[in-house]
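Residue numbers count from 1 along this sequence. Quick caveat: nothing in here was measured; it's all calculated off a predicted structure.
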Amino acid sequence: MIPAEVERCLKAVDAPFLFTQENREACEAVHKHIRQAVEQGTETMTIPVGADLLAKVEEVLKGYGWTVEESAVLFFMWCVACPEQVKVWLAKCRNGEIQ
């Protein structure tokens with residue numbers, strides 16, 4: 001279940017650009033909920049990622065105070081809370097509008 005505060009935050013963005021300056025404050029406001037979701041997680045996923053890519057992602061997210069796991073959970077919640085926005089975003093990615 002997605003906490004209501006998180007869902008409101010996610011529905012306010014139109015793409016998964018969750019850490020851009022315009023969305024950063026909203027993400028920070030729900031960070032505690034995401035951290036709780038990660039800590040109380042009942043499902044474990046293994047996603048194979050190259051060590052170099054993982055290190056780069058960790059370095060970027062460190063500047064925001066987020067972990068890879070937390071940012072993945074936030075993205076997954078966005079996908080669930082905003083399926084229509086996900087469809088639009090994916091279509092733009094396929095069409096080369098988003099790199």
Side-chain angles (χ1 to χ4, degrees):
M1 180 163 161
I2 300 173
E5 188 177 346
V6 175
E7 190 166 349
R8 279 191 300 277
C9 167
L10 294 172
K11 288 184 175 187
V13 300
D14 63 355
F17 306 121
L18 300 165
F19 296 103
T20 60
Q21 191 60 40
E22 62 203 38
N23 298 325
R24 187 171 181 181
E25 188 175 311
C27 285
E28 289 305 315
V30 299
H31 192 184
K32 65 180 179 279
H33 296 292
I34 302 300
R35 190 174 294 124
Q36 283 178 330
V38 169
E39 291 171 358
Q40 297 171 355
T42 58
E43 192 69 33
T44 300
M45 290 177 56
T46 301
I47 302 171
V49 178
D52 289 344
L53 176 60
L54 183 59
K56 289 176 183 177
V57 171
E58 287 173 336
E59 186 64 29
V60 168
L61 291 174
K62 183 172 61 173
Y64 296 103
W66 287 68
T67 66
V68 173
E69 293 85 358
E70 291 166 349
S71 63
V73 167
L74 183 63
F75 176 75
F76 293 154
M77 286 181 176
W78 177 75
C79 291
V80 170
C82 307
E84 293 305 313
Q85 293 171 331
V86 172
K87 289 177 189 174
V88 170
W89 177 69
L90 288 172
K92 287 181 179 180
C93 288
R94 278 192 294 270
N95 293 335
E97 296 173 49
I98 299 174
Q99 299 291 324

Apply side-chain contact (heavy atoms from CB on, under 4.5 Å) to residues L10 and L74 and explain how you reach the verdict. CA-CA 9 Å; L10 294 172; L74 183 63; 3.7 Å; yes
Value for SG (C79) from CG (L90), rounded to nearest 0.5 Å, stands at 7.5 Å
Test item: side-chain donor near acceptor, W66 and E28, under 3.5 Å: yes
Determine whether I2 and H33 satisfy the following criterion, side-chain contact (heavy atoms from CB on, under 4.5 Å), listing intermediate values before the conclusion. CA-CA 9 Å; I2 300 173; H33 296 292; over 6 Å; no
Should E84 and K87 count as an ion pair when the cut-off is N to O under 4.0 Å? yes
Any salt bridge between E59 and K56, counting N to O under 4.0 Å? no
If you measure from the Lys or Arg side-chain nitrogens to the Asp or Glu carboxylate oxygens, is any gap between E58 and K62 under 4.0 Å? no
For the pair T67 and L61, evaluate side-chain contact (heavy atoms from CB on, under 4.5 Å) and give the outcome as yes or no after the intermediate values. CA-CA 6 Å; T67 66; L61 291 174; over 6 Å; no
Side chains of F19 and S71: does their closest heavy-atom pair fall under 4.5 Å? yes
Got I98 and F17 here, is their nearest side-chain heavy-atom distance under 4.5 Å? yes
Testing Q40, E69, E70 one by one against R35 for a side chain to side chain contact (heavy atoms under 4.5 Å, CB included), which residue passes? E70
Can you tell me how far apart SG (C27) and CD (E22) are? Round to the nearest 0.5 Å. 10.5 Å
With side-chain contact (heavy atoms from CB on, under 4.5 Å) as the criterion, how do V57 and V49 come out once you've worked through the C-alpha distance, each side chain's angles and the decisive distance to 0.1 Å? CA-CA 10 Å; V57 171; V49 178; over 6 Å; no
For residues P3 and Q36, determine if any side-chain heavy atom of one lies less than 4.5 Å from a side-chain heavy atom of the other. no
Count the heavy atoms of every other residue, nucleotide or ligand shown that sit under 6.0 Å from CD of E97, and state whether that count exceeds 12. yes
Single-linkage hydrophobic cluster, 4.5 Å side-chain cutoff, V80 and M45 together: yes
Nearest 0.5 angstrom please: Y64 OH to L18 CG, how far? 11.0 Å
